[in-house]
Student: 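Once you've had a glance at the structure underneath, I'll fire off some questions.
Throughout, a chain's letter reflects where its sequence line sits, starting with A, and its residues are numbered from 1.
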Protein chains: 2
Amino acid sequence: MLTQTTINGSSRQMLGKGVRRGPPIDCLPSGGSIELMAASMSFSRNEEIYAEGEPADYFYQIVSGTVRTYKILADGRRQIGAFYLPGDMFGLESAEEHAFSAEAIADAKVLVIKRSAVVALAQRDSDVAHQLWAVTARELQRVQEHVLLLIKTAQERVVGFLLEMAERARDDNEVELPMSRQDIADYLGLTIETVSRTLTHLATTAAIEVPTSRRIVLRNRAALSRLNA
Amino acid sequence: MLTQTTINGSSRQMLGKGVRRGPPIDCLPSGGSIELMAASMSFSRNEEIYAEGEPADYFYQIVSGTVRTYKILADGRRQIGAFYLPGDMFGLESAEEHAFSAEAIADAKVLVIKRSAVVALAQRDSDVAHQLWAVTARELQRVQEHVLLLIKTAQERVVGFLLEMAERARDDNEVELPMSRQDIADYLGLTIETVSRTLTHLATTAAIEVPTSRRIVLRNRAALSRLNA
DNA sequence: CGACCATTTGATATGGATCAAGCGATGTGG
DNA sequence: CCACATCGCTTGATCCATATCAAATGGTCG
């Protein structure tokens with residue numbers, strides 16, 4: 001369990017769009033396996049899934065749509081921690097409370113699992129425990145790569161982002177971006193203008209093609225990899 | 001087990017300074033608890049503990065000294081991932097192989113535990129499994145805070161670094177820095193000059209005092225916190 | 001004492017931010 | 001169905017924080 005396939009196979013009982021801040025009711029049969037405890041929830045564009053500082057009582061896995069996690073700094077700057085795509089799990093970052101807020105970027109369907117149930121199951125089933133650890137370790141690795149992105153030049157960051165998204169996409173030469181330029185900028189620690197200019201520049205050098213602002217075709221992987229430092 | 005106190009209490013069998021790349025021999029009694037499986041190793045200043053890409057067969061915990069983990073980018077830039085102080089565990093970041101290299105900053109004594117032994121124990125003992133997860137989750141949180149540092153201004157980064165170090169020190173108003181300015185710069189994604197100038201500036205404004213280059217006294221926490229954004 | 005290394009300080013250059021305006025797509029009301 | 005407002009994105013001009021290049025200072029060890 002806790003893997004994409006297993007959990008994905010269990011979607012049922014939509015709690016319905018528009019249910020906000022209302023974590024799933026405990027009305028599901030608490031069978032012996034995790035999937036029986038998962039509830040599906042839907043969130044519309046820009047709807048909050050949870051807020052920073054809230055008790056982290058649930059784990060989440062994306063069924064469809066995209067989610068961003070973020071933090072607002074004291075001076076209003078927003079840092080996006082991650083983008084989560086279908087199959088990705090999120091919300092298990094912290095201990096007692098969420099370190100980041102989470103919002104749907106586009107309408108999203110999400111599986112929600114009670115944290116305590118998973119933890120309890122993990123206590124009995126060492127496989128579950130191991131997977132819990134593995135998911136967290138993978139997330140750790142992702143954040144470490146994010147750190148490496150943030151020390152690079154603007155061009156390297158944008159290229160790194162495109163390559164990352166391409167890797168996660170079906171066709172890894174064409175990326176459909178669910179997020180806005182502002183989201184990308186806040187993820188990369190750049191301004192929207194710099195992101196835009198960089199994309200334009202990459203298109204000028206024929207490394208990429210931008211048929212529509214949300215769709216990017218990687219034309220020259222070699223060149224991009226080179227620019228990735 | 002896996003906690004600082006338990007493991008710390010078990011240091012024995014120094015494999016000796018100068019043993020390089022030689023993970024501990026499996027000569028220790030593999031009793032039922034982790035501490036019986038821990039070997040102590042010593043590393044001198046700048047000595048490599050493990051390299052990026054090596055199989056991650058061991059977990060480490062610092063007994064004394066300081067360790068830095070880092071990555072060298074293609075163009076020679078070095079990014080420091082973390083500084084580990086006595087009591088801290090490291091090396092459990094990744095799955096199969098180390099994502100970062102690790103070096104002793106100052107002569108260090110480190111407890112080394114076979115990864116497979118811990119994992120095996122975790123399979124039987126759910127407490128161990130839970131702690132394994134907890135340590136990884138805490139590390140994840142630390143890296144997330146590092147990300148937040150990296151999007152800030154130079155002054156905010158330096159102040160954030162000082163506050164972080166102060167928090168980890170005994171006397172949280174006086175910090176003894178085991179690492180060089182270059183290490184700090186590579187941790188913060190700045191140049192050595194900018195770090196130096198920023199410290200000088202903070203000293204000028206009486207927020208800190210720098211009796212020697214490796215010792216920093218926090219004079220005005222309120223001012224520092226304000227500068228931390 | 002003299003050499004070496006870490007750190008600081010100074011002068012200048014530059015990448016990306018900021019401020020500002022234009023453009024194209026999408027949607028809304030008349 | 002068209003006029004217009006809105007929103008997301010791009011493009012342009014200028015500014016500034018930090019990098020870069022260079023040199024001076026200070027501390028440590030043989």
Side-chain angles (χ1 to χ4, degrees), chain A residues 45-46 66 68 73 75-80 105-106 149-162 175-205 208-216 227 229, chain B residues 44-46 66 68 73 75-80 105-107 149-162 175-205 208-216 227 229:
Chain A
R45 195 170 123 79
N46 292 327
T66 310
R68 64 179 164 241
L73 303 189
D75 62 355
R77 275 174 297 184
R78 179 183 69 160
Q79 175 62 30
I80 290 190
I105 285 183
L149 254 199
L150 291 178
I151 63 160
K152 298 188 182 178
T153 65
Q155 191 173 61
E156 289 165 345
R157 294 187 213 192
V158 172
V159 169
F161 170 74
L162 291 178
V175 188
E176 175 78 41
L177 298 175
M179 71 289 287
S180 69
R181 294 288 186 270
Q182 188 62 64
D183 287 333
I184 299 172
D186 290 348
Y187 177 70
L188 297 178
L190 299 171
T191 59
I192 183 178
E193 293 96 330
T194 298
V195 170
S196 180
R197 275 187 247 273
T198 304
L199 288 173
T200 303
H201 178 248
L202 290 172
T204 307
T205 63
I208 66 171
E209 209 169 301
V210 192
T212 83
S213 72
R214 296 294 183 104
R215 176 173 295 278
I216 311 251
L227 293 178
Chain B
S44 42
R45 194 170 124 78
N46 292 328
T66 309
R68 65 177 164 242
L73 303 190
D75 62 355
R77 276 172 296 184
R78 179 183 69 160
Q79 174 61 31
I80 290 190
I105 285 183
D107 294 359
L149 255 198
L150 291 178
I151 62 159
K152 298 189 181 177
T153 66
Q155 190 172 62
E156 289 165 345
R157 294 187 213 190
V158 171
V159 169
F161 170 75
L162 291 178
V175 189
E176 176 78 40
L177 298 175
M179 69 291 287
S180 70
R181 294 287 186 272
Q182 188 63 61
D183 287 332
I184 299 173
D186 289 350
Y187 178 70
L188 297 178
L190 298 172
T191 60
I192 184 177
E193 293 97 330
T194 298
V195 171
S196 179
R197 275 187 247 273
T198 305
L199 288 172
T200 303
H201 179 248
L202 290 172
T204 306
T205 63
I208 66 172
E209 209 169 303
V210 191
T212 83
S213 71
R214 295 295 182 102
R215 177 172 295 280
I216 311 248
L227 293 178

Student: Separation of B/L190 atom CG from C/dT7 atom C1', in whole Å?
Tutor: 16 Å
Student: Using nucleotides 8-10 of chain C, report all nitrogen or oxygen pairs with the protein that are shorter than 3.5 Å.
Tutor:
residue: C/dT8; atom: OP1; partner: B/R181; partner atom: NH2; Å: 3.2
residue: C/dT8; atom: OP2; partner: B/R181; partner atom: NE; Å: 2.8
residue: C/dT8; atom: OP2; partner: B/S196; partner atom: OG; Å: 2.7
residue: C/dT8; atom: O5'; partner: B/S196; partner atom: OG; Å: 3.0
residue: C/dT9; atom: OP2; partner: B/T200; partner atom: OG1; Å: 2.7
residue: C/dG10; atom: N7; partner: B/R197; partner atom: NH1; Å: 2.8
residue: C/dG10; atom: O6; partner: B/R197; partner atom: NH2; Å: 3.0

Student: What I want to check is whether the side chains of B/S196 and B/E193 have a donor and an acceptor closer together than 3.5 Å.
Tutor: no
Student: Are any of A/S180's side-chain N or O atoms less than 4.0 Å away from OP1 or OP2 of D/dG8?
Tutor: no
Student: Rounded off to whole Å, could you give me the CG-to-P distance for the A/D186 and D/dC9 pair?
Tutor: 12 Å
Student: So does A/R214 get a side-chain nitrogen or oxygen closer than 4.0 Å to the phosphate oxygens (OP1/OP2) of D/dC9?
Tutor: yes
Student: Distance check needed: D/dG27 C1' versus B/L177 CG, whole Å only.
Tutor: 17 Å
Student: Please report, rounded to the nearest Å, how far the C1' atom of D/dC7 is from the CG atom of A/D183.
Tutor: 14 Å
Student: Between B/Q155 (side chain only) and B/L227 (backbone N and O only), is there a donor and an acceptor less than 3.5 Å apart?
Tutor: no
Student: Working to the nearest 0.5 Å, report the span between CZ of B/R157 and OG1 of B/T194.
Tutor: 9.5 Å
Student: D/dC16 C1' sits how many Å from B/Q155 CD, rounded?
Tutor: 15 Å
Student: Hey, is the main chain of A/I192 close enough, under 3.5 Å, to the side chain of A/R197 for a donor-acceptor pair?
Tutor: no
Student: Mind checking side-chain hydrogen bond (donor to acceptor under 3.5 Å, both in side chains) for B/R45 and listing every partner two or more places apart, or none if nothing turns up?
Tutor: none
Student: Please answer whether the main-chain N or O of B/S213 pairs with a side-chain N or O of B/R181 as donor and acceptor at a distance below 3.5 Å.
Tutor: yes
Student: What is the separation between atom CD on A/Q182 and atom P on D/dT10, rounded to the nearest whole Å?
Tutor: 12 Å
Student: Nearest whole Å is fine: how far is D/dT18 C1' from B/L188 CG?
Tutor: 13 Å
Student: Could you check how far CD1 of A/I151 sits from C1' of C/dG15, rounded to whole Å?
Tutor: 16 Å
Student: Under 4.0 Å between any heavy atoms, over every strand shown, what does B/T212 touch: base, sugar-phosphate, or nothing? Just pick one.
Tutor: nothing
Student: Is it true that a side-chain atom of A/R215 and a backbone atom of A/V210 form a donor plus acceptor pair closer than 3.5 Å?
Tutor: no
